[in-house]
2 protein chains.
Amino acid sequence: MPLNRAVPEPTIARLALYLRSLRLAQIEGLETLSSADIEARTGISSGQVRKDLSYFGEFGKPGLGYAVTPLVDRIAHIMRLDRNQPVMIVGAGNLGTALAGYTGLHESGFQLVAVYDNNFSKIGRRIWDLEILDIEDMPAINASMSVEIGIITTPAPSAQMVADQMVKSGVRAILNFAPTRVSVPRDVAVRNVDLTQELQILCYYLPPSATTEEMEA
Amino acid sequence: MPLNRAVPEPTIARLALYLRSLRLAQIEGLETLSSADIEARTGISSGQVRKDLSYFGEFGKPGLGYAVTPLVDRIAHIMRLDRNQPVMIVGAGNLGTALAGYTGLHESGFQLVAVYDNNFSKIGRRIWDLEILDIEDMPAINASMSVEIGIITTPAPSAQMVADQMVKSGVRAILNFAPTRVSVPRDVAVRNVDLTQELQILCYYLPPSATTEEMEA
DNA sequence: TAGATTGTTAATCGATTAACAATC
DNA sequence: TAGATTGTTAATCGATTAACAATC
């Protein structure tokens, strides 16, 4: 009877890492892995591994470790990755088109089933094998498609409008690539991926150059 | 004499957010903003704003708030965003090509100056206005270019090799889009952006569907 | 059984929040 | 001056790490 309440978010992020790593181990034919083995493969400490897994039950055997295949299945089930998840992309620009063609999506259990845009010169054209749909039609189309995961790849000024349209259409989880925060109801999950923010953070950690030293002096 | 030691990483990430938000305020013609105003614009609490800024000095005036333009300049300087930062992309596939065409890069103070690949059918071709270079030539080419920031947009199996080549060529900060961790010397900064991990995390937070309830029962 | 490794508790660490004296 | 808001200290919160009894 696992008490799912209050699982730390970093634990969920690491669960995804364990899953990827364990699937590689599965391919290598390994049947059992100790938390120390998982540490060696992921860089996450064995104690952390055990703590993370313990939020969801007792999956290991003292003295032996974890049976790989059952553990993969358990994590996949916990994360709802044991079924094919349909996904929509809104914004058929460079990034949206690139993501639509990304094979990793399918390999990770996601299936892109719709691409939307608001630009009439794009609507009706095809991206890979999908027709670009009119964002205005999303509520009607999604009534039958029931896609719950949406990816925003529009410019920042459109992002809020797109998020609103998604929520209206039944989307419950949003991955936002637009460099702006979007407001959604509390029961809709949002994660932001902000490329320029990441680059800016990296800049800060760049070692001081000779030029910089000069400037500070 | 700011004690830069031990500035929390989340503070640096928020600094980038403040910067973006303050620049918008600048465009709106606002001259002064209190930490409460910044909270209203970013969603980050006023106390957190003041604490974050206090790591780097005293920029505000009690009773008044912060003068926008000087604050923008200070944050930009702290984050080394007061100069144009050259960037390289390695991996001229869908994602690399999309990023190369992303106008936000330039708008945020970055300039893409080189694109590398290891595929002979791509090397020599052009992406936007840049010729795709042979990854083998990176150390020689970068000796004169001195690019310190690299973006990896290759498939996972190539990522480590690319990171090694980058380090060898003088890159000091890496943004890794490949779904795998890369090992680099301690003095090289790495940030990972993992699209499928983000989607998987979102899956976990999806509200339980009728179907799921059934399955659990 | 003896050795290995789990699951969990308690200690530590670090970041966020609350609160307020200093001060513009 | 009175009102507003800073910079900072102390309290709180939450996550990670260390350690070990339970157990395969």
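A, B, ... follow the sequence lines: proteins, then strands. Residue 1 opens every chain. Hydrogens, waters and symmetry mates are skipped; everything else that's a heavy atom, side chains included, is used.
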Requested in this report: Would you classify G47(B) as touching base, sugar-phosphate or nothing, given that sugar-phosphate means primed atoms plus P, OP1 and OP2, and contacts are heavy atoms under 4.0 Å?
Outcome: nothing

Query raised in the report: To the side chain of P62(B), which of dA15(C), dA15(D), dT6(D) is closest?
Result: dT6(D)

Query raised in the report: Hey, does D117(B) have a side-chain heavy atom less than 4.5 Å from the side chain of V90(B)?
Result: no

Query raised in the report: Does one side chain, of N94(B) or Y102(A), offer a donor that lies under 3.5 Å from an acceptor on the other?
Result: no

Query raised in the report: Out of dT5(D), dT16(C), dG7(C), which nucleotide sits closest to the side chain of K51(B)?
Result: dT16(C)

Report task. Take T42(B) and R20(B) through the side-chain hydrogen bond (donor to acceptor under 3.5 Å, both in side chains) test and state the conclusion after the steps. Result -> CA-CA 9 Å; T42(B) 62; R20(B) 179 177 294 153; over 6 Å; no

Query - SB check E198(B) R191(A) (cutoff 4.0 Å) - result: yes

Report summary line: In whole angstroms, the gap separating C1' of dT8(D) from CZ of F56(B) amounts to 16 Å

Query raised in the report: dA15(C) phosphate, OP1 or OP2: any side-chain N/O from Q48(B) under 4.0 angstrom?
Result: no

Report summary line: Rounded to whole Å, the OH-P distance (Y55(A) to dT9(C)) equals 12 Å

Query raised in the report: Atom CG of L53(A) to atom P of dT5(C): distance rounded to whole Å?
Result: 16 Å

Query raised in the report: Heavy atoms under 4.0 Å, any strand shown: does S45(B) hit a base, just sugar-phosphate, or nothing?
Result: sugar-phosphate

Query raised in the report: When the distance from CG of D52(A) to C1' of dG7(C) is rounded to whole Å, what number comes out?
Result: 13 Å

Requested in this report: Pull out every stem in DNA chain D, meaning runs of 3 or more consecutive Watson-Crick or G-U wobble pairs with both distances under 3.5 Å.
Outcome: C:3-24 with D:3-24

**Report entry** D194(B) vs R181(B) side-chain heavy atoms within contact, under 4.5 Å
**Finding:** yes

Query raised in the report: From dT5(D), dC24(D), dG7(C), pick the nucleotide closest to the side chain of S54(A)?
Result: dG7(C)

Query raised in the report: When all nucleic acid strands are considered with a 4.0 Å heavy-atom cut-off, which category describes S35(A): base, sugar-phosphate, or nothing?
Result: sugar-phosphate

Query raised in the report: Which nucleotide sits closest to the side chain of Y66(B): dA15(C), dT17(C), dT6(D)?
Result: dT6(D)

Query raised in the report: Reckon S46(B) touches a base, only the sugar-phosphate, or nothing at all at heavy-atom distances under 4.0 Å?
Result: nothing

Query - Value in whole Å for how far the P atom of dT6(D) lies from CG of D37(B) - result: 8 Å

**Report entry** Between T69(A) and Q26(A), a side-chain donor and acceptor under 3.5 Å
**Finding:** yes

Report task. Please report, rounded to the nearest Å, how far the C1' atom of dT6(D) is from the CG atom of L71(B). Result -> 13 Å

Requested in this report: Give a yes or no on whether a salt bridge exists between R23(A) and E28(A), defined as a side-chain N under 4.0 angstrom from a carboxylate O.
Outcome: no

Query raised in the report: So, is R50(A) near the phosphate of dT6(C), with a side-chain N or O under 4.0 Å from OP1 or OP2?
Result: yes

Query raised in the report: dT5(C) C1' sits how many Å from F59(A) CZ, rounded?
Result: 17 Å

Report task. Would you tell me whether S35(A) and R50(A) have side-chain atoms, one donor and one acceptor, within less than 3.5 Å of each other? Result -> yes

Query - Separation of atom CD in E9(A) from atom P in dA15(C), rounded to whole Å - result: 16 Å

